Amino acid sequence: MSNIIPDYMEEYIKNLAPKSDAALQELEAYAEENNVPIIQKEVAAFLQLMVSIIKPKKILELGTAIGYSAAVMSKGAEGNAHITTIERNEVMINKATENILKLGLCDKIEIMPGDCLEVLEKLQEKYDLIFMDAGKGHYNHFLPHCLRLLNEDGIIIADNVLYKGMVASRELLVRRKITIVKRMKTYLDMVCHNDELMTSVIPLGDGIAITKRRKP
Ligand code: SAM
């Protein structure tokens, strides 16, 4: 389990999440069989709800994997959002391309191949929602670019910010994750202790941070 909230609560919340449709279930099954880390069920439900509330026209995602969360967000937006999603792993890019085609979302989801930081540096468009789900040890490096690319009323949702509880408890910290955890703490510090930003950290899934700009 995630070490974020008690197991019984996690299980309960997971079971409250709505069942995915057949097409998304297929992606969930593939991810499980092939050990592809996709967003958890309760995070998918949360993302879909956020998208349906915010009604973003343009979404930027860091970390496509097989295209699952992009498809979830597209569904939440009822096809009214254009999603740009960044992925550097060629196997993932091919699988995501195949899935997006199968789901009929080619005109809604565009994959940008490459490293997030390098692609972010080149992007100039503004986005209403940015979903961070790649390179857990680099959220602090991605943030300045994401803020530059974020519309005035835009929102950044970052997944895995509590990182299996290691961010909050030294007892859970494993040696090989020390750098990632340190950098994730830096990210949380950057978004939580900044007079220009508002952030809420939610212990859902592996921890989610939602950030927006304060009104001047
Ligand atoms: N958002 C996806 C979903 O829920 O369906 C899951 C994304 S998975 C957790 C993270 C993905 O980010 C992996 O496919 C990995 O190859 C990719 N990735 C990791 N670091 C990256 C980086 N620096 N630039 C681009 N892609 C990266």
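Positions are given from 1, in the same order as the sequence printed here. All figures in this text were calculated on a predicted structure; none of them were measured in a lab. All ligand and atom numbering here is 1-based and tracks the order in the structure.
- The closest approach between any non-hydrogen atom of Gly114 and ligand 1 is below 4.0 Å.
- Between Ile38 and ligand 1, no pair of N/O atoms sits closer than 3.5 Å.
- In this structure, a donor-acceptor pair under 3.5 Å is present between the side chains of Lys136 and Asn160.
- For Asn89, no nitrogen or oxygen atom sits less than 3.5 Å from a nitrogen or oxygen atom of ligand 1, counting backbone and side chain alike.
- Here the heavy atom of the protein found nearest to atom 18 (N) of ligand 1 is Ala134 CB, 3.7 Å.
- Although no hydrogens or angles enter the test, the distance criterion places no donor-acceptor pair under 3.5 Å between the side chain of Lys126 and the main chain of Asn151.
- Under a 3.5 Å cut-off, the side chain of Asn89 and the backbone N or O of Val91 do form a donor-acceptor pair.
- Ligand 1 places these atoms under 4.0 Å from at least one heavy atom of Ile39: 3 (C), 4 (O).
- Checked for salt-bridge contact, Arg183 and Asp189 miss the test: no charged N lies under 4.0 Å from a carboxylate O.
- Close approach of ligand 1 to Tyr68 is summarised as follows: ligand atoms under 4.0 Å from at least one heavy atom of the residue are 5 (O).
- A donor-acceptor pair is defined here as one N or O able to donate and one able to accept, closer than 3.5 Å; such a pair exists between the side chain of Arg213 and the backbone of Leu150.
- Protein heavy atom at the shortest distance from atom 10 (C) of ligand 1 is Asp133 O, 3.2 Å.
- When hydrogens are left out, the protein atom nearest atom 20 (N) of ligand 1 is Gly135 N, 3.3 Å; that is the closest non-hydrogen contact.
- A distance of 10.5 Å separates CD1 of Ile4 from CD1 of Ile208, quoted to the nearest 0.5 Å.
- Remark: the backbone N or O of Val191 is paired with a side-chain donor or acceptor of Thr199 at under 3.5 angstrom.
- Listed by first then second residue, pairs satisfying side-chain hydrogen bond (donor to acceptor under 3.5 Å, both in side chains) with a partner in residues 111-124 read Arg88-Asp115, not counting sequence neighbours.
- Contact atoms of ligand 1 toward Cys116: 22 (C), 23 (N), 24 (N), 25 (C) (distance under 4.0 Å to a heavy atom of the residue).
- Here the protein heavy atom with the shortest distance to atom 5 (O) of ligand 1 is Ser69 N, 3.0 Å.
- For the ligand labelled ligand 1, residue Glu61 lies inside the 4.0 Å heavy-atom shell.
- Using a 4.0 Å cut-off between charged nitrogen and carboxylate oxygen, Asp21 and Lys75 count as a salt-bridge pair.
- With respect to Lys14 and Glu42, a salt bridge is recorded, a charged nitrogen being found less than 4.0 Å from a carboxylate O.
- Closest to atom 9 (C) of ligand 1 among all protein heavy atoms lies Pro37 O, 3.1 Å.
- Closest protein heavy atom to atom 23 (N) of ligand 1: Asp115 OD1, 3.0 Å.
- Of the candidates Glu87, Arg88, Lys136, Lys95, Glu87 brings a heavy atom nearest to atom 16 (O) of ligand 1.
- No salt bridge links Lys41 with Glu28; every basic N to acidic carboxylate O contact stays at or beyond 4.0 Å.
- The ligand atoms of ligand 1 that sit less than 4.0 angstrom from a heavy atom of Met92 are 14 (O).
- Heavy-atom separations between Thr64 and ligand 1 include at least one value shorter than 4.0 Å.
- Of the polar atoms of Gly67, none of the N or O atoms is found under 3.5 Å from an N or O of ligand 1, judged by distance alone.
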